[in-house]
Amino acid sequence: MQTLEILDYGDPVNSSDEEEVDDLEENAEPLILYFQPPFYYPICIGNTLAQRYRIEHKLGHGGFSTVWMAHDVLTNTDVALKITTLARDEIDREGNMHDEIRRRVQDTSNLLLAHQDASFSLPSSPGGDGFHRVYVFPLRGPSLHSCFAVMSMAERMAAAKQLLEALKRLHDAGIVHRDLNDKNVLCGITPLDTLPTTTKYTLLTRPKKIRLRTPSGLLGNLVRPVIVPPTHINTRSISLCDFGLAATTPVSSSTPQGPGAWCAPERLHGYAATRASDMWSYTCILAKLYIGELPWSIYGEAPRGFVRALGPLPGEWAGRYWRPGWEAAKWYDAALLRPEVEPEAMLGAVLARARGDVEEEKEEEEERRRVVERVLRRGFCYDAARRITAAELLGDGEFWGVFGL
Ligand SMILES: Nc1ncnc2c1ncn2[C@@H]1O[C@H](COP(=O)(O)OP(=O)(O)OP(=O)(O)O)[C@@H](O)[C@H]1O
């Protein structure tokens, strides 16, 4: 049950300071989603949930949750509380999947699972009929998305290898993740459990907050998330998180993955997710770690970017695009595409541009680029049956060897 005894944590944002308000609104979750579906649960810094988790700061948010840093006063450890959006049915998809993973995967290292039997529910409003589910996770650091830029190439590829090992264990156990992207891979954080809250705030930035009150009378804070300093990010230990869309194989439904640019092209054409479609998304992560960005734009219809970088999609996919009326005939027809081919958008050119001017160890870098391109082409193979598997890539000594791994 939520209590409101401590309301003085963090600093209220002065509503007349436009810069501070803009900064908060740009970096926090959309305020409106506390007032309209899918309804985030309002939380104040200083609330204690389930008589043990004292909310200290905000960690982030997704489409379906807000995630808070809390101190477990029973065990004296810091945890992350993932508070999902309003649940109307009893099916606990994410919790059930965590149990399934525990049952099927012997070694769950690098898979970020909620503490077993620790999740609980919060009534969505006094006397209301919905509820919000809370999962208690070990505290981790920022995602690869926000910290790969401070990582050396060796650290990036070591992270990619750990991620692939974790993914292979999932795949061997008959589970596909279905939502792989660089925001769902978290780095470690130097433990802060024993520090006083004020010292944590000095390290992670003080929480800047705006008060909000939902129509049912619950109070909450819109809070700017923590900024973990590079000195406290542990890039040697990464975790794959967010199993909200994970499923056991064979998967029967064919919904595409959230951000289209990370989604395997066959899934965008009505085919169900498979281990191979995870490997496409994994290859996107690999490409981003090496190039610094995806080889195609994250905006617009994803196949447009795929065909510019990799050539036309299989002809038999024409007419199956998941957004009827948005597909273009040239995506599936080399002859129609030819007049628009832009050599500088093709994968080899993108790689050369991104890594071609690395001055030190020029020859080694060229060799690395050749090997990376070979692997990316196997991962970005349109034919899912011929796409590289996690086991094949892990066994590719030449690839890991060029990064000293
Ligand atoms: N254990 C954790 N430790 C630290 N930060 C975390 C933790 N879990 C999640 N986060 C932060 O919260 C963000 C949202 O978490 P998550 O992706 O699980 O939410 P979601 O609602 O399922 O997201 P999506 O809409 O992408 O599916 C993450 O990107 C990450 O920054």
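Atoms within a ligand are numbered from 1 in the order they appear, just like the ligands themselves.
Closest non-hydrogen pair, Asp278 versus His177, comes out as OD2-N, 2.8 Å.
Contacts between Pro225 and ligand 1, counted as non-hydrogen atom pairs separated by less than 4.0 Å, are absent for every part of the residue. Under 4.0 angstrom from ligand 1, the non-hydrogen atoms of Leu186 all belong to its side chain. Residue contacts with ligand 1, taken as heavy atom pairs separated by less than 4.0 Å, do not involve Ile189 at all.
Judged by distance alone, the side chains of Ser121 and Arg133 never bring a donor and an acceptor atom under 3.5 Å apart.
Under a cutoff of 6.0 Å and an axis angle of 45°, Arg320 and Tyr271 form a cation-pi pair.
The protein heavy atom nearest to atom 21 (O) of ligand 1 is Ser65 OG, 2.7 Å. The closest protein non-hydrogen atom to atom 2 (C) of ligand 1 is Ala80 CB, 3.5 Å. Taking atom 15 (O) of ligand 1 as the reference point, the nearest protein heavy-atom neighbour is Val67 CG2, 3.7 Å. With respect to atom 1 (N) of ligand 1, the closest heavy atom belonging to the protein is Pro138 O, 3.0 Å.
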task: Go through Leu31 and Leu212 one step at a time and tell me if the side-chain contact (heavy atoms from CB on, under 4.5 Å) criterion holds.
output: CA-CA 9 Å; Leu31 178 63; Leu212 63 97; 3.8 Å; yes
- request: Go through the steps to decide whether Lys168 and Leu394 satisfy the test side-chain contact (heavy atoms from CB on, under 4.5 Å), and finish with yes or no.
  value: CA-CA 9 Å; Lys168 178 176 181 296; Leu394 272 174; 3.6 Å; yes
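Here Trp331 and Tyr321 bring their ring centres to under 6.0 angstrom of each other.
Annotation: Arg140 places an N or O atom under 3.5 Å from an N or O atom of ligand 1; distance criterion only. Checked by distance only, ligand 1 and Gly60 stay at 3.5 Å or farther apart across all their nitrogen or oxygen atoms.
Using a 4.0 Å heavy-atom cutoff, Ser239 is absent from the residues neighbouring ligand 1.
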